[in-house]
There are 2 protein chains.
Amino acid sequence: MGKYDCLKLETQLCFPLYVCSKEIIRKYKPYLDPLGLTYTQYIAMMVMWERKKVNVKELGERLYLDSGTLTPLLKKMEEKGLVRRERSSEDERVLDVVITDEGMALREEAVKVPMAMKSCVTLNMEEAKLLYDVLGKIIQDIRE
Amino acid sequence: MGKYDCLKLETQLCFPLYVCSKEIIRKYKPYLDPLGLTYTQYIAMMVMWERKKVNVKELGERLYLDSGTLTPLLKKMEEKGLVRRERSSEDERVLDVVITDEGMALREEAVKVPMAMKSCVTLNMEEAKLLYDVLGKIIQDIRE
DNA sequence: ACAATTTAGATTGTACACAATTTAATTTTG
DNA sequence: CAAAATTAAATTGTGTACAATCTAAATTGT
């Protein structure tokens with residue numbers, strides 16, 4: 001037990017978390033490329049498919065992203081014709097993001113992605129549930 | 001059970017993994033700022049403190065990062081005086097990264113970081129071990 | 001009502017992260 | 001041994017991510 005053992009990569013929980021996140025996102029790439037989506041755009045579309053219309057603040061809260069990330073992301077998604085960005089008429093500060101027909105249509109292609117990804121990782125239901133719960137707990141902890 | 005349930009954010013394992021990684025790294029910031037390190041530089045220093053000298057390829061394998069990320073990272077760390085970058089004399093293609101005295105000295109400050117971080121997350125030993133093992137398994141899986 | 005404050009997004013600047021390409025050095029092969 | 005292939009880093013280009021600041025609109029306090 002050296003004084004500096006706590007600074008070894010293997011004793012860190014954060015490092016495998018960081019690697020795992022990165023590597024899984026990289027694994028998505030071949031499945032998302034045909035859809036013309038990056039991973040971040042994909043999770044943004046997940047919210048759009050479900051909600052149809054959300055403002056930037058709501059989207060940021062859902063995705064844990066701020067306007068510095070979302071503004072350019074949403075502009076690109078608008079260029080691709082997936083969403084429209086329009087100021088709320090009730091409150092001019094608010095920007096509503098509305099899914100287009102084209103964006104909605106992309107869902108048909110996207111349903112194949114989770115299935116394809118699942119086959120990359122051999123976690124049983126129990127482990128998956130456990131991981132999901134622990135991650136949720138950490139996220140809660142960190143946000144006080 | 002809708003046809004599109006698999007595209008809901010809550011059914012994804014990857015999303016909490018992504019959020020968790022991001023938020024923990026953000027949590028490091030106030031502890032790493034006084035050391036003048038970013039998170040990526042911090043994990044690179046962890047390898048340096050342990051190995052003293054590694055080449056870019058080895059470092060990349062350990063950190064799961066490529067030269068596109070490491071080259072600029074190591075140049076910044078050299079500017080800060082934490083490491084030296086020098087071509088291997090045996091093989092001119094290889095770039096050795098060698099820790100400096102100053103880099104070595106920084107370890108004294110850094111030992112406080114893991115302790116400080118630990119108090120942010122209230123995982124018991126059992127949960128931590130479990131998380132660590134499952135993450136390791138996923139990383140293995142993904143790398144075939 | 002109106003100045004002060006708060007709020008929602010946008011902008012700016014810095015730092016990864018990675019795919020794809022390039023360059024130079026070393027190995028392998030015919 | 002010389003050409004072909006491989007390898008290690010560096011470079012280029014795109015896309016996040018986030019802190020800090022800015023701007024404009026809405027809300028609050030007096």
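Letters go in sequence order (proteins before strands), and every chain restarts at 1. Computed over heavy atoms, backbone and side chain alike; hydrogens, waters and symmetry mates excluded.
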Are OP1 or OP2 of [N] and a side-chain N or O of [X] less than 4.0 angstrom apart?
| X | N | value |
| --- | --- | --- |
| B:Arg87 | D:dA9 | no |
| B:Lys75 | D:dT11 | yes |
| A:Asn55 | C:dG9 | yes |
| A:Thr40 | D:dT16 | yes |
| A:Thr69 | D:dA17 | no |
| A:Lys29 | C:dA20 | no |
| A:Lys76 | D:dT16 | yes |
| A:Arg85 | C:dA10 | yes |
| A:Tyr18 | C:dA17 | yes |

Next on the checklist: Heavy atoms only, 4.0 Å cut-off, all strands: where does A:Thr38 land among base, sugar-phosphate and nothing?
Outcome noted: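 Contact class for A:Thr38: sugar-phosphate only.
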Next on the checklist: A side-chain contact here means heavy atoms from C-beta on lying under 4.5 Å apart; do B:Cys14 and A:Ile25 qualify?
Outcome noted: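 SC-SC contact between B:Cys14 and A:Ile25 confirmed.
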Selection from [options] that lies nearest to any side-chain heavy atom of [X]:
| X | options | result |
| --- | --- | --- |
| A:Asp66 | D:dG15, D:dA19, C:dG9 | D:dA19 |
| A:Lys57 | D:dA17, D:dT16, C:dG9 | C:dG9 |
| A:Ser67 | C:dC16, D:dA9, C:dA10 | C:dA10 |
| B:Val94 | D:dA8, C:dC16, D:dT11 | D:dA8 |
| A:Leu95 | D:dA17, C:dA17, C:dG9 | C:dG9 |

Item to check | Lys/Arg-Asp/Glu bridge criterion (N-O < 4.0 Å) met for B:Asp141, B:Lys137 | outcome: no
Checklist entry - Is it true that B:Arg84 and B:Glu86 have a side-chain N and a carboxylate O under 4.0 angstrom from each other? => result yes
Item to check | Residue whose nearest DNA chain D nucleotide is more 5′ - A:Ile25 or A:Arg93 | outcome: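 Closest to the 5' end, via its nearest nucleotide, is A:Ile25.
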Checklist entry - Between A:Leu65 and A:Asp91, which has a closest nucleotide on DNA chain D that is more 5'? => result A:Leu65
Checklist outcome for this item: Across all chains, not counting sequence neighbours, the salt bridge (charged side-chain N to carboxylate O under 4.0 Å, His left out) partners of A:Asp91 are A:Arg93
